[in-house]
Every structure is written in C-alpha cells, then in structure tokens.
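Reading through the structure tokens given below for one structure.
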Amino acid sequence: MSEIVRVEHLKKYFPVQKSVLEQLFTRKKKSVRAVDDVTFSIKKGEIFTLAGESGCGKTTTGKLIVRLLKPTSGRIYFKGEDITQLKREELRLLRRKMQIIFQDPYASLNPRMTIGKAIGHPLEIHGLARGEEKKGKVLEVLQKVGLTPPQQFMNLFPHQLSGGQRQRVALGRSIILEPEFMVADEPVSMIDVSLRTTIIDLMLGFRKELGLTYLFVTHDLAVAKYISDRIAIMYLGRIIEIGSKESLFKNPLHPYTKALLSAIPVPEPKKKREVIELKGEVPSAINIPPGCRFSSRCPFKKDECTKTEPELVEAEKDHSVACYLS
Amino acid sequence: MVRIEMKRSMLARIVPGFTSLVKKGPSGQMVIIGMIIVLALVIMTAMGPWIAPHDPSRSGVGRIRIPPNWQFPLGTNHLGQDVLSRTLCGGSIMLQVSALSVLLCFAIGVPLGLFSSYVGGFVDSAFSLVIDAVYAFPGLVIAIAIAAMLGPGVVNMALSIAVVYIPSYFRIVRSQVLSIKELTYVEAARSVGAKWYTILSRYILPNVVPSIVVVITINFADAILTAAGLTFIGLGVTYDIPDWGWDLTNGRTYISSGAWWIIAFPGLMIILLALGFTLIGEGLSELLNPKLQR
Amino acid sequence: MNCSTPSFRGEIAKLPLLEIDSLAVDYRTSRGTVHAVNDVSFFLEKGETLGLAGESGSGKSTLGLSIIRLVPYPGVIGGGQIKIDGRDIVALPEHEMQTFRGTKVAYVFQDPMISLNPVKKIGAHFVELIRTHEPNVSKKEAFERAKTVLKNLGIQPERINDYPHQFSGGMRQRIMIGLAIALNPDLVIADEPTTALDVIVQAKILDLLESLRKAYQMALILISHDLSIILERCDKIIVMYAGHMVEYADGTELHGRPAHPYTQKLLQSIPNIELSDQKLTAIPGSPPDMLNPPNGCRFWPRCSCTMEICRVKEPLLISIGRNHLVKCFLYGEKGVQSE
C-alpha cells in the first residue's frame, strides 16, 4: 500500500496570553506545546487512529494535517507533495482532496442554512456544479448518508434534526467533493449510543465505496479498536506508542498505554479488573516534565527516564514504543 | 447576491413570525403594538398636509394662545398657529432625520464591524480604540458639537446623529462576529475551501442580522429623541416647517403662563414615536434571541 | 396500575429505602406536554447500587431529579409515589424536602464546574452545607469535618482554602462527591458523574464512589448513557427508553439474558475492548420526538420484532423471572406473574 499522508517532526505551540504585568517583567515566552514533535504516516485506504486523553494534542494534529491550523514547525506531505507552506489559493484546491468532520454536530452546521444548501455549498465553492446538476448531486448524497426521503430533508434547517442526523449531514458535506482523505475528529462521541454504530458503519462504507483513507481521532479506545487498522497513542503532545491494532491491544508496551487500556470499562457485569494506578494527573502542556514526559506519573520510573526523552523504537513488527523499559 | 441572501433570511424570519406574533406571548404583542404606533404616526405625518384643518405654518389663523376649544381642538400657539395642524404635520422632519441617520449608521457601522473583527489583529485594535473613544462621550454632546459645526438642516442632523450611533453598530457586530468566527461551522466552511467573503456573507452575516435588527429599532427611538433635542436647542431646521421639536422649544416659555397645550401635544407625539420603536426593539430582541428559539 | 407493581414485593419483609410506584413526570411546555417519565416503578434497598441506563431524552435524569424533587421548570410530577423510608415525598412541603436533600438523598451532577460557586473556597461550600442542615455545629467544627471528608476523597486537606478553578475536572468531581456524602445520606444519586472526564480519571472516580458507598453504607443510583460503566458497577439495572422503563434486571441477568429488543440491540452496539473481531449491529432509526411519541410501545418503529399489537397498545411491565421485568409484548400480554 502506498502512503497518502506523512507527517514529520510536526510541532504546534500556542502562545500563552500573559497579563500586562507579566509582559513587563518577564522576557521568557511561555507556550502550550499542544503537539510536540510528532512523526507518522498513513497508508492509502487504512483507518489510522490517534487516541489519547483530552489535551493530548490529537485534535490539534488532525487540524494541522488538513491545514486548518498552521504548524509551528515540521512537514506535512500529502501524496508525496509538501503541503506545509501552501498559499491560500493552493490550499483551497487541496480542500477538495482532504476533508474533516468535527466532534460537535450541533455546532458544525450553519443554523441559517438549509440542509440542501449546506451539502451543496462545497460544490458551489469549487465551481463543480450548479442548478439542477447540483441539486441532483445533493439528493444523491443525502440518499448515501441515509437521510431519506432526500427531498424532504433538503429544505430542513439544522435545528430540526437530531444529533445523529446532523452528523450525517456533516458527513455528506464532506464526501460530496469525493475526497481521498478525511480527518474524523471524535465523530461519534457526542452522539447517542444507539446511533453511533450507524455513523461508524457509514464511514466504513465510504472507505469501501470511495476508497477513502481516514485519520480517526478519538478518546474512546473501544471504538478505536473496532474501527482502526493502526493506532497511535498520544500523551502530552507526543506519540508514545504506535502499532497495528492487533499487536497494540494484545501486547501494549508503554506503561501509559497499559494504564489506559486497564481503565476502559468493559460491558460485562461486575467485572473485576486490575486497574493500573497512575500517580497524580496529566501535567500542564506549558510545563512538560523533562526527559520522558510520562515520567512524573510512571510507576516504573528509572533514573534515565528523567534525563533524556525516549525516541520511538520498533519493538516488534509494525509496533513501536517510546519507553526505556522495553 | 449577498443582499438577496440577507433579505431572504430576514424575511424568512420576520414574515412567518409576524403572522404568529400574537401567539408568541408578551414579546410578540409588544412588537405588534410598537408597529401599530409607528405605522399610525408615519401615516398621520404623510397625510398631514391634506387632513390638517389649517395651514400649519400660517400664523394668525386664530388669536394667540387659545386653549383647546371647538374651533381649535388643541388650541393655538404663541404665533396664533393651529396646534392640531402642526401636530399632524410636525413629524416629517423627525422621521426623515431618524431614517436617514439609521441608514447611515447601518451602511457604515455594519461593514466596518464585520471587516474589523474578521481581519482582526492590529486593524481591529486600531478601529476599536477610535470607536470606543467616540462611544465613551455622551451621545447628545457629540451630536450637538457636530451639528453646531455643520449647521442646521436635515442631512446635517442625520449625520451628527449617525456619528453617535455608528459605535453601537460596530460594537454589536464586532462582538458577535468574534464569537461566531470561532464556531465550528465557520471552521467547517474553511475546511471545504470557502473564500473569506463567502464565509462573511453566508456564514457570519446571517447570524448577526437578528442583533442588528434590534439595534436598528433602538437606534430609531434614540435618534428621534436626539433629533428633538437638537431642534430644541436651535440646531434643527428653520422656522417655516412644522416640527415637534421646534414647537417644544418655543412653547416652553409659555408654560409658566399656563399654556400647556403648546408643548403637550408635540411632546406626546415624540414620546409615542420613541415608545413605538422601543417596543419593537425590545420585543424583537426577545423573539430573535437564539437561546429562546426552538 | 396494579399489574405493573413488581411481583417479588412479597419477598421483602422490611421497608425498602426507596420505593417508587407508577411515577410519571411531565414537562408542560408551550408546544405540548412531554411525558418524560412514564409509569416507572422500582425499589432500592440500603447499600444497593442501581444503574439507570438510557440515551439522551430517555428520562433517566428526570427520574433521578424527581427523587430529590428538583425537576426543572416546566416539569411536574404528574402522578405516582416516591417513598423514602416509607414516607411519600411527592406532596411534602418544600421546607421539609430541603432537610431531606443532603441528609437522606444527595445528588452529584454531571458538570462540577457549574455546581460549585466559583467565588467561594472549597471549605466554604462544606461549611455552608453542614451548617444549613445542622445549625448547632460551629464553623470550626464544620471545617474540621470538611477536612476529614477531603482526606477520604484523596485530596490534601490543606487544599480546603483553594477555589474551585484551582482544581482539575477530576478533583472537582471528587469535591462534588464529597459534598454529597458530607451529611452521610442513605442514598446518593450520581448523574453522569464521569461523562466529562477521561477514562483514567473516570475509573478512579467510580472506584472512589464504590469505596465510599461501602464505607458509609449508602445506596447508589448511577445514571449514565454508558451501559459499560453501569454493567461494571451496578447490582440492578434499569434500562430506559423514551420515558419508559423497558427492562429491569440484575446485571448478570441483563447481560446474559437481555429480554427487551432494545436492550439486546444496545448490548450488540457497544464495542467491547476485550473482544477481537467484534461485529457491532446498528439500531435503525432514531429516538422519537418526545412531543409526538409513537402510539403503543415507544420502541416499535425501530424494533425488528414489531407485531400488530405493538403499534396500538402500550405493553405493561411484566415479570419474566426472578428480579427480571420487561415491558414488551414478546413475552405475552399478561406475562408470567412469578416463577
């Protein structure tokens, strides 16, 4: 399989707003290191998942790749082409190939635009279809995302739809341009449990039908396990473990991954599980601990862990970990 | 295209809203009462010259300062002019001035607010600083200063009122755009490749319109009072056109001699007109509040 | 509604802590009445844990709030009884209800940030709560008690003088739980206590709730959309759908022998991290508009076993085994009264 997206040493630092007094008396620039040196690649046709807790930089990474945010440093390649420095007009053209759907289906649709207009608007923006042709395509997409009968949904406004239906609209708006790559940022986390599977099934269907490649961003490892081919676990802006779904779940290597997996609730009655206890809470991304960024909470910390940061090293086939213990 | 879009979404909100306004409870009824008052006064002023029993500008149609009686239902003023005729016709200047000033404010304040907040950064800070400085002054004082500089006249009055109200539009548009700009649907529009003016006109502006409508009505109410105030201190229009503000000015000296009717009726008209617009504004602000919408 | 009374009532000799009988809660909105909770009956013993599972709009939170009589406007308790220690609280005057809240029943809300007053120190929250219910306690005494509670929560007692924003989300939720148990209530209702939190923190909070429950011998009602948490943590489970209690059973029974088609489908649509090659099945359609719910059984438009009767008649809650109730016509129109 060929590579569709490649990210090298990607960083995104957000400056911290300082008060007037601080600005006067301190020189040091503080910043939130949301994404801090991330490297990975996504193969064509696969579902690659970035997983981690809130604030680990997974969503920021997704937005950086579709260039909704400008990286502080690092490189992003799409189908071999460096898209890190694209100008506005080139970027607009790139949007046809790369799409993103967002977590909150209640906020991602313009409340004053009908469903039909919202889905058809990308076609208009790129001058791909007008009038009857556009309408036809919109109806076709509505059918595809399961909003039937499509004629009826055309003229509805977002507030007349449920969360699940809105997420279908968002999905429709993204696929109408027939993209090759899509970032799905927690697409089901705000949707009712009984409707999640239908959205996931739709996404899986589009992968087959349109040959889509997904970057799936989630905090829910159970969903990640169900949907993805490969998974990267992020902690405080960095990937600490990456591997194929099978080997990562069967043999998690990083202590953080182990703790994360042990904490996930299992839908079985009164299951007694060994939850791996972690000390304290995730440190702030402004003051990342020196050395291994997980060292402040790691139950197996050694001396070298606090000195230099471990690199991702391949531990077994298609499975790498950034930890001195393995 | 932009305008049509805007108009349609406004109409789409207002027209079906109007038919069911009564059902919407107190706020809907407020809007209706306000509209009836304003409409009645506008029609009255427009029809004034035809329905007035006397020429409103002619002095000496009767003796001076006659209290209300059968011949002059609202009495006569100190020049012997018919107060009823003057009250019927006296709204035209005030309405013209306020309409013109609102138009000016809208045409300048809204695009300025949109542009400044969307561009952001230094441009936004600079604009905001200037506008906030204007906003910090008491409105009437600025209006007086500008009107004094430009001299009397309908257009000049409108201009001086506009300067006072542009900051209101600017600030409301700016604060709304700043919050809407960060919303996911704007980000989604960017992610499908929409150009900046498409985002402004189709994703941001339609969502700002409800707030602007409210500001317009409140602006109208205030403009009327300011116009009255300007005329009152002699910065309004010249003698021969009947005007409520002017009548207030001249009538005030005779109130001590008991001639209350000279100022009571024009004053009542000004209050009614301002009240009408305020009712519409307050009602609309409740009706269009997205949090109260279903 | 006699038929809906649980048939195993006879087995219990003493008075249950909480007994709810054919409860109905309505929201009387301008667009019509929403029957958010309809004909719900169950009871809870001291020290038990009950899970309320359901999607948004299923009425699970409304049910929880009705137990402390804090259903938000325009909601009203439309009928039925809520008995705490044998006393019906539905008609209780408000001032008596206030003493009930906190001392008998406490509530933990989903979002700790909006439940804590941002300009008040943590200690002040505890002192106010304790002194409202026990006016004889001195400020100092209340303060000391607050410190003990914080220690039990795993928070350093010195942090009693910190403001809510100085705590992380997980810590704030601990504080909320602390406020709930400070007066040693018999029943704690936790409404989505971990929904806003990450999994590692979630596990810690749920562990804390469980250990506190055991230590203080409280009963716990855990409300969540996440059936995994509920299965993992609760003895008894109620599955709610569109205001109806569609199934009631012990955790093991519900997992092993789910009876209602909704429960069955729901269990098949939850990903399980311990299984590989799991096939999830989707539930077609979406939850009903509660202003115009379907006639008959509220699940029939999405059900794969719909019969003629489901569209016209609302099924009754019937017993299909020990401690197992289901509201579905698949198990007969009357149902087996007992086994």
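We name chains A, B, ... by the order of the sequence lines, and we start the count at 1 in each one.
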Q: Measure up the Y163(C) and H165(C) rings against each other and bin them: parallel (under 30°), tilted (30 to 60°), perpendicular (over 60°).
A: parallel
Q.
Side chains of K225(A) and Q278(C), heavy atoms from C-beta outward: is any pair under 4.5 Å?
A. no
Q) If you draw the axis of the six-membered ring of F167(C), does the NZ or CZ of R159(C) fall within 45° of it and under 6.0 Å from the ring centre? A) yes
(Q) Ignoring hydrogens, what is the shortest heavy-atom contact between P293(C) and R298(C)? Give both atom names and the distance. (A) CB-NE, 3.6 Å
**Q.** Top of E281(A), E277(A), H219(A) for chain C proximity - count of heavy-atom pairs under 4.5 angstrom
**A.** E281(A)
Q. Which bit of D192(A) is near chain C, if near means a heavy-atom gap under 4.5 Å: side chain, backbone, both or neither?
A. both
Q: Measure T281(C) against the heavy atoms of chain A and call it side chain, backbone, both or neither at under 4.5 Å.
A: backbone
Q: Pick one of side chain, backbone, both or neither for K279(C), based on which atoms fall under 4.5 Å of a heavy atom in chain A.
A: both
Q. Q202(C) versus chain A, heavy atoms under 4.5 Å apart: side chain, backbone, both or neither?
A. side chain
Q.
Heavy-atom pairs under 4.5 Å with chain A: which of T195(C), D289(C), L275(C) has the most?
A. L275(C)
Q.
Quick check on the interface: out of G256(C), C234(C), G170(C), who has the most heavy-atom pairs with chain A under 4.5 Å?
A. C234(C)
Q | Short N-O contact, R293(A) and D36(A), less than 4.0 angstrom | A | yes
Q: Among the options I237(C), V199(C), I200(C), L266(C), pick out the one with the most heavy-atom pairs lying under 4.5 Å from chain A.
A: I200(C)
Q. Taking C-beta and beyond as the side chain, do N323(C) and E253(C) meet within less than 4.5 Å on heavy atoms?
A. no
Q | Contact origin within T49(C) toward chain A - heavy atom pairs under 4.5 Å | A | side chain
Q. Where do Y241(C) and R302(C) land on the side-chain hydrogen bond (donor to acceptor under 3.5 Å, both in side chains) test, with the steps shown first?
A. CA-CA 12 Å; Y241(C) 182 79; R302(C) 303 176 73 189; 3.2 Å; yes
